[in-house]
Amino acid sequence: MKELEKTKRISIAAVISILVVIIALLTYKRPKHMYAINPQLALEQTISNGSVKLNELNSETIIIDIRNQFEFEKGHIENAINIDASDILIEKNIEVFKALKNDGKKVALYGNNPTEVIAPLMILQQLGYNNIQILSIESSLDQDKLVTTNAEIEKKGENINQFIQASINKVNEILKEKPKPVVKKVPITKKVVPIKKKKKMPIEGGC
Amino acid sequence: MVNRKLVKALKFRYVLLAAVLIILAGGLVLIPKFEKHVGIAPELLLSNAISPERYISTDELADRIINNDPSVLLIDVRDAISYKENTLPNSINIPLENLLNEDFEGYLNQEAYDVILFSNDSFRANQAWIICNRLNYKRLHVLKGGINEWFNTIINPSQPTENMSKTAYDLYSFRKAASMFFGVKYIDQIKKPEPKKVYVAKKVTTTPKVVVPKKKKKKMPIEGGC
């Protein structure tokens with residue numbers, strides 16, 4: 001009888017500990033949004049994911065405007081949906097992205113410039129929405145109409161070193177061209193010298 | 001009778017407990033899903049990425065370089081070819097695809113320097129910044145506009161027109177001085193030293209004329225006393 005009591009206690013303790021584990025698991029709050037890829041993979045995807053131009057879009061692609069509602073209402077690309085960049089993680093909007101991904105539709109994001117789109121795009125990409133691309137346009141409002149121009153991403157500008165070298169060369173050339181005025185100055189200093197001699201002469205004579 | 005049933009049930013008690021624990025242990029299999037969930041929460045990353053506080057302007061950077069700020073660390077995230085072609089002074093090249101390479105972690109994951117990422121414009125640098133921000137690296141900045149903006153504002157500043165304000169002129173004179181610091185030479189800056197030489201020459205001609213007669217007057221009385 002005593003032994004039975006002992007084993008009872010052991011099994012009660014075991015049951016309680018299992019309960020604690022189960023309760024802990026149930027109360028563990030899963031993060032609302034989970035990254036689907038690790039940083040290394042995210043980096044690779046970011047590099048490989050190109051941008052799409054306005055004239056390359058087909059009618060299947062869904063265009064999303066990430067500017068704020070005010071700007072969107074002033075003017076936007078035809079058929080575009082407005083999702084403010086700061087609201088992309090709101091449940092309602094995540095549902096939209098999920099539905100688009102499940103339907104296998106391509107999505108193009110645009111804002112005032114391509115750089116502005118990087119943040120929402122990369123975050124959605126890291127959450128596993130790999131059907132999204134940047135629409136490489138620069139847009140601005142003109143009299144309640146959206147004016148878009150194609151933007152070149154990472155355009156190579158002028159070479160700084162070459163520019164500096166060119167400016168030095170230019171200056172050197174000009175310096176070479178103007179040796180004549182320097183020669184003219186020399187006789188002016190020569191004139192000074194005889195004046196000094198003349199003034200010194202009378203002093204010696206006074207002694 | 002009851003006792004017997006209890007004993008029968010108790011026979012399996014260890015087996016049951018073991019089974020429950022094994023099932024719970026099976027839950028560990030689900031954990032690899034979380035392995036990919038590294039870094040700060042997506043919501044925080046989004047708010048960090050949208051905020052423009054990471055940007056540093058070209059003027060501010062030029063000012064810090066000229067003042068020999070020791071805490072500035074410039075990182076070029078373009079490829080090695082562009083880096084060789086032209087870059088900012090004293091910068092390190094970390095091509096974007098090698099960003100998470102262990103060799104470079106020491107440059108990015110630190111708190112001693114203000115790391116400034118740059119590329120041709122701010123596009124690639126921003127991508128690098130977002131990846132690093134997810135890993136919670138501190139003190140990272142992005143050069144606004146990148147090298148192209150650097151060229152247009154610091155190396156080759158545009159001259160303000162007459163109808164512009166005084167601040168525009170002040171900014172231009174700062175940028176012009178900065179560009180000269182980085183090696184650019186201006187034609188009008190060369191002309192200035194030349195007139196200076198002329199002034200010096202004139203001064204030479206005038207000063208001895210003044211000095212010499214004074215000496216005469218002082219020497220004369222002494223000589224006369226003799």
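Residue numbers start from 1 in every chain, and the chains themselves are labelled A, B, ... in the order their sequence lines are given, proteins ahead of strands. The figures here come from the full heavy-atom set of this structure, side chains too, leaving out hydrogens, waters and symmetry mates.
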Residue, of [options], that accumulates the most heavy atom pairs under 4.5 Å with chain B:
{"options": "A/Leu89, A/Asn159, A/Ile47, A/Ile168", "value": "A/Asn159"}
{"options": "A/Lys32, A/Lys8, A/Gln40", "value": "A/Gln40"}
{"options": "A/Ala14, A/Ala119, A/Gly157, A/Pro39", "value": "A/Pro39"}
{"options": "A/Ala36, A/Ser11, A/Ser17", "value": "A/Ala36"}
{"options": "A/Ile18, A/Ile10, A/Asn172", "value": "A/Ile18"}

Heavy-atom distance under 4.5 Å to chain B: side chain of [X], backbone, both or neither?
{"X": "A/Ala166", "answer": "neither"}
{"X": "A/Ile123", "answer": "side chain"}
{"X": "A/Leu127", "answer": "side chain"}
{"X": "A/Ile22", "answer": "side chain"}

Between [options], which has the largest tally of heavy atom pairs under 4.5 Å with chain A?
{"options": "B/Ala49, B/Ala41, B/Gly146, B/Ser179", "result": "B/Ala49"}
{"options": "B/Ile50, B/Leu46, B/Asn126", "result": "B/Leu46"}
{"options": "B/Leu16, B/Leu96, B/Val20", "result": "B/Leu96"}

Reported [atom1]-to-[atom2] distance for the pair [X] and [Y], which is rounded to 0.5 angstrom:
{"X": "A/Glu158", "Y": "B/Asn152", "atom1": "CD", "atom2": "CG", "answer": "8.0 Å"}
{"X": "A/Ile153", "Y": "B/Asn120", "atom1": "CD1", "atom2": "CG", "answer": "12.0 Å"}
{"X": "B/Leu100", "Y": "A/Glu44", "atom1": "CG", "atom2": "CD", "answer": "9.0 Å"}
{"X": "A/Thr46", "Y": "B/Glu97", "atom1": "OG1", "atom2": "CD", "answer": "12.0 Å"}
{"X": "B/Ile187", "Y": "A/Lys170", "atom1": "CD1", "atom2": "NZ", "answer": "5.0 Å"}
{"X": "B/Ile130", "Y": "A/Gln125", "atom1": "CD1", "atom2": "CD", "answer": "10.5 Å"}

Donor-acceptor under 3.5 Å ([X] side chain, [Y] main chain):
{"X": "A/Ser167", "Y": "B/Lys185", "value": "yes"}
{"X": "A/Tyr35", "Y": "B/Ile40", "value": "yes"}
{"X": "B/Asn86", "Y": "A/Asn161", "value": "no"}
{"X": "B/Gln127", "Y": "A/Ile118", "value": "no"}

Side chain / backbone / both / neither for B/Trp150 at chain A, heavy atoms under 4.5 Å: side chain
Exercise: identify the closest heavy-atom pair between A/Lys155 and B/Asn148: O-ND2, 2.8 Å
Of the non-hydrogen atoms in B/Gly183 and A/Ile164, which two are nearest, and what is the gap between them? O-CG2, 3.2 Å
Is any NZ, NE, NH1 or NH2 atom of the basic residue among A/Lys156 and B/Glu85 found under 4.0 Å from an Asp or Glu carboxylate oxygen of the other? yes
For atom [atom1] of [X], is the number of surrounding heavy atoms from other residues, nucleotides or ligands below 6.0 Å larger than 12?
{"X": "B/Ile81", "atom1": "CD1", "result": "no"}
{"X": "A/Lys106", "atom1": "NZ", "result": "no"}
{"X": "B/Glu43", "atom1": "CD", "result": "yes"}
{"X": "A/Asn58", "atom1": "CG", "result": "yes"}
{"X": "A/Glu95", "atom1": "CD", "result": "yes"}
{"X": "B/Tyr107", "atom1": "OH", "result": "no"}

Mind checking whether B/Pro42 and A/Gln126 have side chains closer than 4.5 Å, heavy atoms only? no
Any side-chain heavy atom of B/Tyr186 within less than 4.5 Å of one from A/Val171? no
Output, in order, the C-alpha distance, side-chain angles, deciding distance and verdict of side-chain contact (heavy atoms from CB on, under 4.5 Å) for A/Glu154 and B/Asp121. CA-CA 5 Å; A/Glu154 286 294 315; B/Asp121 53 39; 2.8 Å; yes
I would like to know whether A/Ile134 and B/Phe123 meet side-chain contact (heavy atoms from CB on, under 4.5 Å); could you show each step before the answer? CA-CA 12 Å; A/Ile134 288 185; B/Phe123 195 83; 3.5 Å; yes
